[in-house]
Amino acid sequence: MRLERYLNPEQQKAAETIDGPVLILAGAGSGKTRALTYRVANMIDSGINPWNILAITFTNKAAGEMRERIDDLVGFGSEEIWVATFHSTCVRILRRHIDKLGYDSSFTIYDSDDSKSLIKSICKEQGIDTKQIKEKKILNVISGCKDELMGPEEYETLAGGDWEQLKIALAYKEYQRLLKKNNALDFDDLIVKCVELFKKCPDVLENYHRRFQYICVDEYQDTNSAQFELIRLLALGHGNLCVVGDDDQSIYKFRGANIRNILDFEKNYPNATVIKLEQNYRSTQTILNAANAVIANNKGRKNKSLWTDKGDGNKIHFRQLDNSREEAEFITDDIARKVRNRDATYKDFAILYRTNAQSRELEERLIYEGIPYQIVGGQNFYGRKEIKDILAYLKTIDNGRDDLSVKRIVNVPKRGIGETSVKKAQNFADNEGISLFEALCRAEEIPGIGKTAEKLISFTKTIRVFRTKIEGNYYEDLPELIDDVINETGYIDEIRESDDEEDKDRERNIDEFISKAAVYEQKYADENPEAEAGPTLTQFLEEVSLVADIDNVASDAEKVLLMTIHSAKGLEFPNVYLAGMEDGVFPGDASKYSESDEDIEEERRLAYVGITRAKEELTLTAAKARMMRGETQYNDISMFVKEIPEEYFDSKIPKKKKHDIDFDDDISDYSMSVMRSAPFGGVSRTAIKRPSVKIAPEKKPYGFADGLKGLTKGSDLSAGRIDYEVGDCVRHIKFGTGTVKEIEVKDGSTNVTVEFEKCGVRVLNALFAKLTKV
DNA sequence: AAAGCAAGCTTTTTT
DNA sequence: AGCTTGCTTT
């Protein structure tokens, strides 16, 4: 194979270094996948059996693409390569061997919703006050422990005498007990249990050593300690471990990713070959300069700098709009214009943002302009109520030990089975040491159950009929089974009888779910041409729980894509908009006020990832006013915008004006009452607080109501309540005490400049700040 | 048992 | 603003 014809020297080195540990530091857009694809092709070319190659990625999409590209290149044998995500790799291994850990091989996979319900019931059971320790916190701690391979006992020991930690340790212990009882694993468990299995059963590990002689891990900067250990164990066999990643794109610390895994690779594998890919094939030099300038502010990174021979290209655009609605308008108009001018088509655009909440306004505007779009992430399709309900039925049919699923559907649709009855059944189950479903089967024995017993029995009969039908090969395929479930249980009837608009959506979603099942059925047939039967229910449920939204994005569809920057990692677009480039949004307040600079550095890496998604045109936008959690916030331009030298922009970046921001958030009682009378709650606050913001009464179908005009006029409400003057000492509810420096009346509102002892100088609107003279 | 209503909390990011 | 939760009522 003449690699030099297709690869640059560094890529070529990557493709040729097959044996031993290899670290490939691949900058954004540096042709990493290309190098990897050729690497695998080269391996097969040199006589390595594809069967002995393992390639691990983070998303199914990445796995699919890699397999496809290898296939294109090699032509055959690629299906023999094990290309899969961490999670699906572990599931595959566990399905074969988990009995050695005391689970049944038909275990259910819990998503984060399931985990949350389980924790909730544990808190109730154990008398943990969820107001003192939130479920979310408990889940975070547990997940964090698992990322570090720390079991409940170890955590308990570490907790020492700390009351809260002991409570969490108790919840953790109980959580694991119930998972096992339900024959279920959560996401983290998939990795943890796999490591546990390898440690407990050396023969199993050896088995996989024989198979996986060459291992390759993509996005290595995102691995956590458990994943590190998993890989380490597997690589113990032959030592041929190739990891690929970019420390500058490590953006999953919150999920336990340990950036040290990549930074310390050479320490862990002293004889590692290190290869740096720095030539970028994606973006213009201007975009790369901007990205380099931003990321240069991070400390403790592997030094590298992207370059291209593509030329400078266009300058970067920046626009600060008055509010988030105008930001959405600007972006969509810009897209519409470019499409109209035939500079691009819809699929060339992506709008990226920091948080999912930002997608709403953009979406509304895209609908208004009739621009085709797709939102990736956010509320997962499989997270919808109706889908979860059906999944709970399927899980119950598939794994009778999953009490959580049984509880979810035992009274859906309504069967007159109340909470108390379920509780009685659960108690009975606990006493007898059986599953909830078994308890329901023996409903007559449940103490004090009364007439409800009949209803319970009838429910279990319904479920058992499905099982019998499956065993008797009654169903042609999965869609048929699902169809039978929604009909026989009366689920679909309940939805159809309702005239709620939402229920119409539900029905459509269920239809979509059924077609997804059909698609999966087809995919399974394609992948297993020799298989006589279709996929099992277990396999289908597994597929469903392990797909991410991004996996279903068709890059050739003529749609504008909207997603978080996190979701966009690994993707590229000719035109990228980074929306909400504001201080407090991106970087978010949480990281800004965090004590370690690690958090802000992670945000900066995220900015770097965002910028480097753009191939040709990059547009950054910010809004002066934005509604967040029901409050209007006035944000300065993001520090990341300011870190880009002005020469790369086609316009000046506005400097922060003295009185332009820093209004206080507090709202007086009077203005609250005004707000409530406004047609759109919080929006009017914008008008009251900032009369200078233009609120044109436009024909727009959403948001800023016309009725505001009257309110803005009334902004002389401020007079009369001020009982302090320059030089006075005042107290503020949040900021404490300070000295009044300046009182200025502007546009009918009164701005008071106060120098606070603790928080420095702030400009407050006298109308809203509850300042009291002391 | 189920429906209807007020309070309160929320936002990082996801396999 | 929107969603979930808990409480109240029927």
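Lettering of chains follows the sequences in order, A, B, ..., and the numbering in each one begins at 1.
- Among the atoms of the strands shown, only primed sugar atoms or phosphate atoms (P, OP1, OP2) are found under 4.0 Å from some heavy atom of Asn356(A).
- The closest side-chain donor-acceptor pair between Ser115(A) and Tyr175(A) falls under 3.5 angstrom.
- Across residues 254-262 of chain A, Phe254(A), Arg255(A) each have a non-hydrogen atom less than 4.0 Å from an atom of DNA chain B (numbered order).
- Residue contacts for Ser591(A): at a heavy-atom cut-off of 4.0 Å it reaches no nucleic acid atom on any strand shown.
- The separation between Asn140(A) atom CG and dT13(B) atom C1' is 12 Å, rounded to whole Å.
- When each of Phe187(A) and Lys134(A) is assigned the nucleotide of DNA chain B with its nearest heavy atom, Lys134(A) is the one assigned upstream, toward the 5' end.
- Lys137(A) has its NZ atom 13 Å from the P atom of dT10(B), to the nearest Å.
- Gly377(A) comes within 4.0 angstrom of nothing in the nucleic acid, heavy atoms only.
- Rounding to whole angstrom units, CG of residue Asp549(A) and P of dT15(B) are separated by 8 Å.
- For the C1' atoms, the distance from dG6(C) to dT11(B) is 23 Å, rounded to whole Å.
- To the nearest 0.5 Å, the span separating CD1 on Ile295(A) from CZ on Arg605(A) amounts to 7.0 Å.
- Taking a 6.0 Å sphere around CD of Gln176(A), one finds it holds more than 12 heavy atoms contributed by other residues, nucleotides or ligands.
- When heavy atoms are screened at a 4.0 angstrom cut-off, Asn411(A) is found touching the sugar-phosphate backbone but no base atom.
- Neither side chain, Glu229(A) nor Gln227(A), offers a donor N or O lying under 3.5 Å from an acceptor on the other.
- Annotation: side chain of Phe254(A) is in contact with side chain of His566(A) (closest heavy-atom distance under 4.5 Å).
- Here Gly588(A) lies out of heavy-atom contact (under 4.0 Å) with every strand.
- If you check every strand for non-hydrogen atoms under 4.0 Å, Lys385(A) touches nothing.
- When distances are taken from the side chain of Ser112(A) to each of dT11(B), dA1(C), dT15(B), the shortest belongs to dT15(B).
- Distances shown here put a side-chain N or O of Lys136(A) below 4.0 Å from the OP1 or OP2 atom of dT11(B).
- The only member of Glu631(A), Glu361(A), Glu327(A) that meets side chain to side chain donor-acceptor pair (under 3.5 Å) when paired with Arg626(A) is Glu327(A).
- Phosphate contact (OP1/OP2 of dT15(B), side-chain N/O of Ser88(A), threshold under 4.0 Å): absent.
- Summarising the base pairing, dT11(B) is matched to no nucleotide, lacking a Watson-Crick or G-U wobble pair whose two defining distances lie under 3.5 Å.
- Residue contacts shown for Thr420(A) are limited to sugar-phosphate atoms, with no base heavy atom under 4.0 Å away.
- Between the CZ atom of Arg360(A) and the P atom of dT10(B) there is a distance of 18 Å, rounded to whole Å.
- Nucleic acid contact class of Lys569(A) (heavy atoms, under 4.0 Å, all strands): none.
- Between Tyr382(A) and Phe513(A), the ring planes are perpendicular. Angles over 60° get that label, and only those under 30° would be called parallel.
- A cation-pi arrangement is absent between Lys569(A) and Tyr252(A), since the terminal nitrogen or guanidinium carbon is not both under 6.0 Å from the aromatic centre and inside a 45° cone about the axis.
- Glu602(A) comes within contact range of no nucleotide atom at all, as no heavy-atom separation falls under 4.0 Å.
- Comparing Thr355(A) and Lys414(A) by the nucleotide of DNA chain B that holds the closest heavy atom to each, the one mapping nearer the 5' end is Lys414(A).
- Rounding to whole angstrom units, CD of residue Glu631(A) and P of dA1(C) are separated by 14 Å.
- We find that CD of Glu135(A) is positioned 12 Å from C1' of dC9(B), with the value rounded to whole Å.
- Proximity of Ser567(A) to the phosphate of dT14(B): a side-chain N or O atom is located under 4.0 Å from OP1 or OP2.
- Comparing dT13(B), dA1(C), dG2(C) by their nearest atom to the side chain of His566(A) picks out dT13(B).
- As a whole-Å value, the separation of Asn224(A) CG from dT13(B) P is 20 Å.
- The separation between Asp114(A) atom CG and dT15(B) atom P is 16 Å, rounded to whole Å.
- When atom types are taken as modelled, the side chain of Asn258(A) and the backbone of Ser225(A) share no donor-acceptor pair closer than 3.5 angstrom.
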